Amino acid sequence: MIALGIESTAHTFGVGIVDEKAKVLANEKSALKTETGGIHPQKAADHHLEKGLEVLRNALEKASLDLKDIDVIAFAQGPGLGPCLRIGAVGARTIALIHNKPLVGVNHCIAHIEIGRKKTNAKDPVALYVSGGNTQVISYRNNRYRIFGETLDIGIGNLLDSFGRRLGIGFPAGPVLDRWYFEGHKFAKLPYSVKGMDLVFSGLETAAAKKIGTIGKKDLAYSLLHTAFSMLAEVTERALAQTGKKEVLIVGGVAASKALQQIVSKMCEERGAKMFVPNVQFCVDNGAMIAWQGLLEFMHGKRTPVLNSAVKQRFRTDEVEVNWL
Ligand code: ATP
Ligand code: FE2
């Protein structure tokens with residue numbers, strides 16, 4: 001059985017093709033590049049409209065398949081930016097209707113976790129989903145992926161990119177700050193803001209911005225990342241404690257950060273837990289994760305009639321009844 005998945009929640013338009021063993025036959029994408037890091041929803045949607053067909057063709061060519069060979073059409077139904085989501089949804093509906101294929105709308109956050117689980121062999125992890133727009137600590141309990149903690153303001157990747165902009169680093173700034181983390185030495189105290197199980201980053205950014213010019217850029221990068229990632233590690237650790245689980249799975253674009261991996265793996269070591277990080281192509285937004293999630297749900301009976309396929313900008317992780325575990 002073969003599924004084709006369309007990802008278009010933010011600045012990436014991706015098309016992935018996978019089989020029922022999660023073998024990835026294609027995982028093509030095009031991402032809108034911006035100077036500033038901010039995404040203008042309509043500009044991203046225009047990018048998807050412009051590149052979508054080409055990405056689809058590339059994926060089919062890579063997999064040496066024709067649309068008629070596909071069994072399931074999956075798409076990211078949310079959460080994300082409305083105009084962007086709609087391009088992917090219209091594409092998926094069109095293919096499904098013309099080729100008479102079943103349609104499955106999936107939750108983008110859950111897709112990150114499931115492809116991560118499949119590719120790393122993590123069994124029942126606490127997932128730390130860290131990207132530009134999202135920061136959530138998620139774990140499975142009683143038929144749902146529950147959100148144990150999350151950002152109350154900006155995503156961790158946005159923090160890195162927007163702070164990087166203040167330092168004059170181009171977008172994305174995450175990888176540069178991550179390198180600087182290991183080159184900085186002096187630690188400047190910055191506001192550490194964990195509220196219950198939730199996180200707040202904007203005060204941290206403001207305070208760090210005030211320090212620009214008073215200490216070296218690399219020291220500041222070290223201080224900012226150390227503070228923000230320690231906050232993530234604390235909430236993840238408390239989710240481990242609450243659930244009694246022994247695995248941490250990091251997904252999302254910021255999972256590529258060596259600094260984050262170091263801080264989380266140290267916490268895991270101290271608790272006797274194991275850390276898993278998938279290959280970067282499955283961490284960032286991609287079509288293969290949508291295809292795999294769609295196929296999983298399809299094999300467990302899910303169908304999304306076209307009339308129920310409207311996009312959900314605020315599609316919550318815990319709205320989905322999990323029947324495939
Ligand atoms: P989502 O729609 O799920 O919020 P996204 O559109 O932000 O995702 P991703 O590719 O998942 O896209 O994540 C991009 C983020 O990852 C950017 O903020 C970028 O700075 C950050 N990033 C990428 N590589 C690294 C790295 N090595 N260290 C730290 N941050 C990184
Ligand atoms: Fe994502």
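Remember, it's 1-based here, ligands and their atoms both numbered in the order they're listed. Given the structure is predicted, the values throughout are model-derived calculations rather than measurements.
For ligand 1, the polar-atom distance check against Ala10 finds no nitrogen or oxygen pair separated by under 3.5 Å. Close N/O approach between Asn134 and ligand 1 is found [any backbone or side-chain N/O within under 3.5 Å]. Considering backbone and side-chain N/O of Val284, none are found under 3.5 Å from N/O of ligand 1. By the 3.5 Å distance cut-off applied to N or O atoms, Gly252 is not counted among the residues near ligand 1. Ligand 1 has no N or O atom lying under 3.5 Å from any N or O atom of Pro172, backbone or side chain. An N or O contact shorter than 3.5 Å is missing between Cys283 and ligand 1 by distance.
Closest heavy-atom approach to atom 4 (O) of ligand 1 among the candidates Ser8, Ser131, Gly164: Ser131. Closest heavy-atom approach to atom 12 (O) of ligand 1 within the set Asp161, Asp285, Leu260: this belongs to Asp285.
Remark: the Tyr222 side chain and the His185 side chain contain no N/O donor-acceptor pair separated by less than 3.5 Å.
Met275 and Ile113 fall into different hydrophobic clusters, where Ile, Leu, Val, Met, Phe, Trp and Tyr are joined by side-chain heavy atoms under 4.5 Å apart, directly or via other members. Linking ILVMFWY residues whenever their side-chain heavy atoms come closer than 4.5 Å, directly or via other members, places Leu97 and Leu60 in the same cluster.
Here the side chains of Phe148 and Thr243 are in contact, with some heavy-atom distance below 4.5 Å. Residues Val251 and Leu128 are not in side-chain contact: their nearest non-hydrogen atoms beyond the backbone lie 4.5 Å or more apart. Taking 4.5 Å as the limit, some side-chain heavy atom of Ile147 sits within range of a side-chain heavy atom of Arg316. For the pair Leu56/Ile95, a side-chain contact is recorded, criterion being any heavy-atom separation below 4.5 Å from C-beta on. When side chains are defined from C-beta on, Phe282 does not count as touching Met289, because their heavy atoms never get closer than 4.5 Å. His108 places none of its side-chain heavy atoms less than 4.5 Å from the side chain of Phe315. Side chains of Arg86 and Gln313 form a contact here, defined as non-hydrogen atoms less than 4.5 Å apart.
Aromatic ring pairs are classed by plane angle as parallel below 30°, tilted from 30° to 60° and perpendicular above 60°; the pair Phe171 and His11 is perpendicular.
Only the side chain of Asp178 comes within contact range of ligand 1, with a heavy atom under 4.0 Å; no backbone atom does. The part of His108 lying near ligand 1 is the side chain, judged by heavy-atom distances below 4.0 Å. The part of Tyr129 lying near ligand 1 is the side chain, judged by heavy-atom distances below 4.0 Å.
For ligand 1, the atoms sitting less than 4.0 Å from at least one non-hydrogen atom of Gly133 are 4 (O), 7 (O), numbered in the order shown with element in parentheses.
Checking Lys62, Lys51, Arg57 one by one against Glu28, the salt bridge (charged side-chain N to carboxylate O under 4.0 Å, His left out) holds for a single residue, Lys62.
Scanning the protein for heavy atoms near atom 30 (N) of ligand 1, the closest one is Gly174 CA, 3.4 Å. At the shortest separation from atom 13 (O) of ligand 1 among protein heavy atoms lies Gly253 CA, 3.3 Å. The shortest contact between atom 6 (O) of ligand 1 and any protein heavy atom is with His11 CE1, 3.2 Å.
His226 contributes atom NE2, which lies 11.5 Å from atom CG of Leu224 (distance to the nearest 0.5 angstrom).
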- Task: With side chain to side chain donor-acceptor pair (under 3.5 Å) as the test, would you mind laying out the steps for Glu54 and Ser30 before giving the verdict?
- Result: CA-CA 9 Å; Glu54 186 184 324; Ser30 169; over 6 Å; no
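Within the protein, the N, O or S atoms sitting under 2.8 Å from the Fe ion (ligand 2) are His108 NE2, His112 NE2, Tyr129 OH, Asp285 OD1.
Ligand 1 has no atom lying under 4.0 Å from any heavy atom of Gly155.
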